[in-house]
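Everything below concerns the one structure shown next.
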Amino acid sequence: MKIIEKDQKAKITLKVNGEVHEVEVEPRRLLVHVLRDLGYTDVHIGCDTSNCGACTVIMNGRSVKSCTVLAVEADGADILTVEGLSKDGKLHPIQEAFWDNHGLQCGYCTPGMIMEAYWLLKENPNPSEEEIREGISGNLCRCTGYQNIVKAIKDASLRLSQKEYPRQ
Ligand code: FES
Ligand code: FES
């Protein structure tokens, strides 16, 4: 077992949106800060008690709050942020659905909300309104009142079920 003292840094590797990064981090450094320092400023910080979900990313296929993961714990992980969803400038159907249904205002919660929606629709491709609300209950929004976010996710589930939008 490798022991890293508190004043030492560990060398870790993170794959983010397909790009591999090698970074040196203190053991106490949070993943959210490392991602933002690497330039992934689409990952936001909205609280310091793990409840807002603005920092949500997909890590090894599951949605996680990156403010609640130490960067050293994420060594070797495959991470997807909202920046990694669009392909060649074409929006992902979930992004399009948020746009078309006015599922955002200030946009601060939006990257985390979309990543949670991405994970939710992978787990449950045709969720009911109740399942959507439950599915995003770890993601707070102060602007929208949630109604249009729920509509956007329902719309995204329909778009994803159509042939022209192959599920990723
Ligand atoms: S920043 Fe609020 S849950 Fe991560
Ligand atoms: S759009 Fe402003 S916090 Fe959700």
Side-chain angles (χ1 to χ4, degrees), residues 10 12-17 19 21 23 25-86 91-124 127-160:
I12 63 163
T13 305
L14 299 174
K15 189 170 174 193
V16 190
N17 301 339
E19 197 174 326
H21 300 271
V23 268
V25 292
E26 286 178 57
R28 64 178 180 161
R29 192 114 177 103
L30 297 174
L31 177 60
V32 67
H33 290 127
V34 172
L35 289 172
R36 288 182 56 81
D37 286 353
L38 284 170
Y40 300 98
T41 50
D42 53 326
V43 186
H44 295 163
I45 301 168
C47 74
D48 55 11
T49 47
S50 309
N51 47 11
C52 79
C55 61
T56 303
V57 298
I58 307 297
M59 180 167 127
N60 298 329
R62 304 192 63 178
S63 80
V64 299
K65 293 179 173 179
S66 60
C67 72
T68 310
V69 178
L70 293 170
V72 284
E73 289 179 295
D75 186 18
D78 196 345
I79 293 169
L80 183 66
T81 79
V82 78
E83 277 182 20
L85 280 190
S86 58
L91 294 181
H92 185 278
I94 302 175
Q95 294 172 306
E96 287 185 335
F98 268 69
W99 176 267
D100 289 343
N101 291 278
H102 309 288
L104 63 143
Q105 289 178 35
C106 78
Y108 199 82
C109 73
T110 314
M113 195 66 87
I114 286 182
M115 297 322 285
E116 190 62 25
Y118 176 88
W119 182 75
L120 167 67
L121 293 174
K122 256 191 196 300
E123 293 290 299
N124 181 359
S128 65
E129 174 171 347
E130 204 180 341
E131 288 168 334
I132 292 172
R133 288 185 183 274
E134 168 75 27
I136 58 165
S137 58
N139 293 72
L140 301 182
C141 176
R142 70 182 177 179
C143 305
T144 64
Y146 301 98
Q147 200 68 15
N148 285 353
I149 291 176
V150 174
K151 270 202 224 163
I153 295 175
K154 192 71 204 160
D155 187 13
S157 83
L158 293 175
R159 291 173 191 236
L160 284 163

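Counting convention: from 1, in listed order, for ligands and their atoms alike.
No donor-acceptor contact under 3.5 angstrom links the side chains of T56 and S63, judged on distance only. Judged by distance alone, the side chains of D78 and N60 never bring a donor and an acceptor atom under 3.5 Å apart. Using modelled atom types and a 3.5 Å distance limit, the side chains of T144 and Q105 yield no donor-acceptor pair.
Counting heavy atoms of neighbouring residues, nucleotides and ligands inside a 6.0 Å radius, atom CD of E123 exceeds 12 of them. Under a cut-off of 6.0 angstrom, the local environment of CZ in R142 is sparse, with at most 12 non-hydrogen atoms contributed by other residues, nucleotides or ligands.
Separation of atoms CG (L104) and CD1 (I149) is listed at 8.0 Å; rounding is to 0.5 Å.
Backbone or side-chain N, O or S atoms of C143 reach atom 2 (Fe) of ligand 2 at under 2.8 Å. None of the N, O or S atoms belonging to C141 lies under 2.8 Å away from atom 2 (Fe) of ligand 2.
Only protein N, O or S atoms were considered, and those under 2.8 Å from atom 4 (Fe) of ligand 1 are C55 SG, C67 SG.
The ligand atoms of ligand 2 that sit less than 4.0 angstrom from a heavy atom of C106 are 1 (S), 2 (Fe), 3 (S). Under a 4.0 Å criterion applied to the non-hydrogen atoms of G107, ligand 2 contributes the atoms 1 (S), 2 (Fe).
Here the protein heavy atom with the shortest distance to atom 3 (S) of ligand 2 is R142 N, 3.4 Å. For atom 1 (S) of ligand 2, the nearest protein heavy atom (residue, atom name, distance) is Q105 N, 3.2 Å.
A ring-centre distance under 6.0 Å is not found for F98 and H92.
Checked options N17, V43, V16; the residue passing with E83 is N17 (criterion: side chain to side chain contact (heavy atoms under 4.5 Å, CB included)).
A salt bridge is defined here as a Lys NZ or Arg NE, NH1 or NH2 lying under 4.0 Å from an Asp or Glu carboxylate O, and R159 with D155 meets this definition.
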